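The analysis underlying the following values was restricted to heavy atoms, covering all of them including side chains, and did not include hydrogens, waters or symmetry mates. So you know, we letter chains A, B, ... as the sequences are listed, proteins then strands, and number each from 1. Note that the structure is predicted; figures quoted are calculated from it, not measured.
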Protein chains: 2
Amino acid sequence: MFEPVTIKDIAKALGLSTSTVSRALRDTHEISPATKKLVIDYANKINYKPNPIALSLKERRSKSIGVVVSEVANSYFSQAIDGIESIAYDKGYHVIISQTHESFEREVVNVNHLASRSVDGLLISLSSQTKDISHLKFLHEKGLPIVFFDRVADEIVTHKVIADNEKGAYQATSYLIESGYKKIAHLTSSSYLSISIERLSGYEKALKDHGIETNRDYIKYCPHGGMLYEETENAIKELMALKDKPDAIFVAGDRLSTGCLSVFKNLKISVPGDMAIAGFSNSDVLDLFNPSLTSVRQPAYEIGRLATEMLLKLIEAKYPVEEFEKKVLETSLSIR
Amino acid sequence: MFEPVTIKDIAKALGLSTSTVSRALRDTHEISPATKKLVIDYANKINYKPNPIALSLKERRSKSIGVVVSEVANSYFSQAIDGIESIAYDKGYHVIISQTHESFEREVVNVNHLASRSVDGLLISLSSQTKDISHLKFLHEKGLPIVFFDRVADEIVTHKVIADNEKGAYQATSYLIESGYKKIAHLTSSSYLSISIERLSGYEKALKDHGIETNRDYIKYCPHGGMLYEETENAIKELMALKDKPDAIFVAGDRLSTGCLSVFKNLKISVPGDMAIAGFSNSDVLDLFNPSLTSVRQPAYEIGRLATEMLLKLIEAKYPVEEFEKKVLETSLSIR
DNA sequence: TTGTAAGCGTTATCAT
DNA sequence: ATGATAACGCTTACAA
């Protein structure tokens with residue numbers, strides 16, 4: 001049904017060779033203005049469009065980048081993707097999206113699928129279940145440009161873009177403390193995720209700086225990062241069942257924050273009142289109403305843009321890159 | 001840096017021809033079990049992966065679909081993309097995302113970019129500024145499989161998947177009326193969008209069925225669909241400036257609903273109280289708190305899945321498809 | 001200035 | 001059962 005116009009068609013129609021046509025189209029100086037015009041005009045007339053796949057095969061690049069995130073339907077990631085797309089669009093790259101749904105297996109499959117030579121580079125935020133990153137290491141060593149954002153792997157030496165998670169966590173926790181709460185729990189996702197570690201560290205630092213001792217019982221992990229309602233509910237039930245019940249909670253993730261509010265609602269725990277909450281969240285709607293949650297907002301759009309700029313720089317680098325950056329962007333605390 | 005393994009490498013290493021290797025790998029029956037095993041084992045050993053680009057060139061298909069939406073960072077679309085990805089992933093298709101930001105020019109560029117033979121099919125929700133669809137018509141006539149979702153073009157005969165916008169609008173408007181409001185305004189996006197027309201129709205029908213006359217002054221358009229704060233604000237200011245001020249408002253879009261709430265907040269118009277609101281919105285956070293908005297929720301994930309299934313059916317159809325469907329999925333009203 | 005031919009990685013056709 | 005060759009659409013030495 002599709003009968004695409006090729007260079008060959010133009011050549012035949014104009015009685016020229018394909019190479020002449022090719023050169024004329026790309027405006028080489030070693031071609032007579034006459035034929036050049038002839039070719040270009042005819043090409044426009046029949047609406048010739050070069051076949052990007054043939055080009056890719058020849059030039060061994062696809063002009064597309066792969067993006068691996070846990071969930072698209074998550075305000076943080078959708079904002080980041082918006083940023084990624086904005087840069088990619090300007091530079092003529094396609095953005096291929098894939099989701100891990102926080103599953104390690106799925107991450108491996110997606111990464112390999114993208115990498116089998118169909119993308120020029122990879123932008124990835126690790127799944128919450130990922131601790132082994134040999135699938136990425138392998139590809140990275142083979143030369144696939146990779147840039148991490150959000151959830152990074154220190155083991156792989158490349159560009160990384162993250163928010164200042166430690167500082168954001170510090171501010172949120174401090175805010176709770178300074179609002180009069182003293183028994184502050186911490187709800188976080190998987191323990192090996194870089195963001196969890198950074199946020200935990202900020203939380204602990206804030207406690208320490210305010211002379212509060214860390215209580216191990218107050219720290220609860222939800223390895224599925226809020227994807228499983230049960231998991232979040234159990235964590236919260238455990239907290240509420242403690243003899244020395246916390247009076248506030250610092251939540252370390254977007255999904256987890258809404259999950260947490262949702263659990264509180266179902267358990268009829270009033271917020272604030274029974275329990276104050278501060279947590280990471282990038283929902284614009286939440287920011288608009290913010291009935292109960294003090295939120296740490298990440299510059300997701302900017303993170304996406306920056307990561308993409310770095311990736312394209314790696315992809316288009318003529319020589320092997322030696323210096324890698326880890327960019328840390330500021331978060332902001334949204335208080336009501 | 002990347003030095004990919006090819007069939008040629010295997011052939012050379014094993015002293016076979018490329019055709020034999022190719023056949024052995026794809027398990028043709030006309031090949032000796034011995035060489036078959038030899039080839040497959042060696043291929044696994046050196047981790048051979050077929051080059052999808054070479055395959056695409058040969059088979060004239062890329063195993064990827066293009067998705068065109070106005071904004072990724074929008075709960076409706078991100079949920080739809082989640083659904084799209086879920087089906088595409090299962091069928092081994094890549095999903096290439098592009099955004100129009102409600103701009104017609106950008107839609108044309110994106111569509112053409114995707115279509116120049118690099119995607120096997122297109123999933124599109126029109127931009128709010130699109131009234132001329134010749135760019136799509138052209139490609140569709142050339143044979144590119146296209147499936148519309150959400151914002152469709154009746155002019156093009158193909159599969160379409162939408163929510164029951166008219167019914168959703170009818171229910172929301174009726175809900176306002178039955179809650180005691182009588183002067184119900186309607187805030188909508190661009191007048192030529194299919195969803196606008198359908199929702200307006202539901203709104204008018206509800207008024208009529210409840211014996212209320214339609215007031216032209218009560219219908220306000222925001223062609224940018226809530227993307228421009230000013231535009232939304234002006235529309236609302238105009239409504240508030242009417243001698244016979246409305247007491248409720250039915251909002252026809254996701255972005256517009258939050259935009260509207262945001263304007264009310266800034267103008268210190270209390271909701272409900274000064275003004276009741278019901279509107280289309282797919283934000284899960286909004287659904288969680290829903291402080292003031294009664295929302296019409298669309299089955300975005302399902303719409304995405306269904307549209308993708310239909311598109312893949314078109315793509316993989318052996319014979320030209322004659323019968324096209326327009327699937328209409330139910331919305332649900334979320335009341336607080 | 002233009003044409004010829006080889007090559008990107010794969011598969012299909014036609015030998016052998 | 002296996003190999004040689006052409007082809008998919010394009011670019012680029014190398015010739016002319």
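- Comparing C/dG9, D/dA4, D/dT11 by their closest approach to the side chain of B/Leu57 singles out C/dG9.
- Using a 4.0 Å heavy-atom distance criterion, B/Ser56 is classed as making no nucleic acid contact.
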Which side-chain N or O atoms in residues 311-326 of chain B pair as donor and acceptor under 3.5 Å with protein atoms at least two apart or in another chain?
{"unit_1": "B/Glu316", "atom_1": "OE2", "unit_2": "B/Tyr93", "atom_2": "OH", "d": "2.9"}
{"unit_1": "B/Lys326", "atom_1": "NZ", "unit_2": "B/Asp154", "atom_2": "OD1", "d": "3.3"}

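- Protein atom NZ of A/Lys8 is 14 Å distant from nucleotide atom P of C/dT4, rounded to whole Å.
- Separation of atoms OG (B/Ser116) and CG (A/Asn51) is listed at 9.0 Å; rounding is to 0.5 Å.
- Residue A/Leu14 contributes atom CG, which lies 10 Å from atom P of C/dG3 at whole-angstrom precision.
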Residues 6-24 of chain A side chain polar contacts: donor-acceptor under 3.5 Å, at least two apart:
{"unit_1": "A/Thr6", "atom_1": "OG1", "unit_2": "A/Lys8", "atom_2": "N", "d": "3.1"}
{"unit_1": "A/Thr6", "atom_1": "OG1", "unit_2": "A/Asp9", "atom_2": "N", "d": "3.3"}
{"unit_1": "A/Asp9", "atom_1": "OD2", "unit_2": "A/Thr6", "atom_2": "N", "d": "2.8"}
{"unit_1": "A/Ser17", "atom_1": "OG", "unit_2": "A/Ser19", "atom_2": "OG", "d": "3.0"}
{"unit_1": "A/Ser17", "atom_1": "OG", "unit_2": "A/Thr20", "atom_2": "N", "d": "3.2"}
{"unit_1": "A/Ser17", "atom_1": "OG", "unit_2": "A/Thr20", "atom_2": "OG1", "d": "2.9"}
{"unit_1": "A/Ser22", "atom_1": "OG", "unit_2": "A/Arg26", "atom_2": "NH2", "d": "3.0"}

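- Within the 4.5 Å cutoff, the side chain of A/His94 has heavy atoms near those of the B/His113 side chain.
- In this structure, B/Glu102 pairs ionically with B/Arg151, as a charged nitrogen and a carboxylate oxygen lie closer than 4.0 Å.
- Listed nucleotides: C/dG3, D/dC10, C/dT10. Nearest to the side chain of A/Thr20: C/dG3.
- Between the side chains of A/Asn47 and A/Lys45, no donor N or O sits under 3.5 Å from an acceptor N or O.
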ring-ring contact (aromatic ring centres under 6.0 Å, His included) between A/His135 and A/Phe104, intermediate numbers included: CA-CA 10 Å; A/His135 54 302; A/Phe104 173 68; 5.5 Å; yes
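- No engagement by B/Ile53 is indicated, since no non-hydrogen atom pair under 4.0 Å with the nucleic acid exists.
- Distance, A/Glu30 CD to D/dC14 P: 13 Å, rounded to whole Å.
- The nearest whole Å value for the distance from the CD1 atom in B/Ile10 to the P atom in C/dT11 is 11 Å.
- Nucleotide D/dT11 holds its P atom 12 Å from the CD1 atom of A/Ile31, rounded to whole Å.
- The A/Arg60 side chain lies nearest to C/dG9 when the options are C/dT10, C/dG9, D/dT2.
- Relative to the side chain of B/Ser17, the nucleotides C/dT10, C/dG3, D/dG3 differ in distance, and D/dG3 lies closest.
- Atom P of nucleotide D/dA1 and atom NE2 of B/His29 are separated by 10 Å, given to the nearest angstrom.
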Atom pairs under 3.5 Å: protein N/O with N/O of nucleotides 12-16 of chain C:
{"unit_1": "C/dT13", "atom_1": "O4", "unit_2": "B/Arg23", "atom_2": "NH1", "d": "3.3"}

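- Taking 4.0 angstrom as the limit, B/Lys49 places none of its side-chain polar atoms (N or O) nearer than this to OP1 or OP2 of C/dG9.
- Distances shown here put every side-chain N or O of B/Thr35 at or beyond 4.0 Å from the OP1 or OP2 atom of D/dA1.
- Among C/dT10, D/dT11, D/dG3, the nucleotide with an atom closest to any side-chain atom of B/Asn51 is C/dT10.
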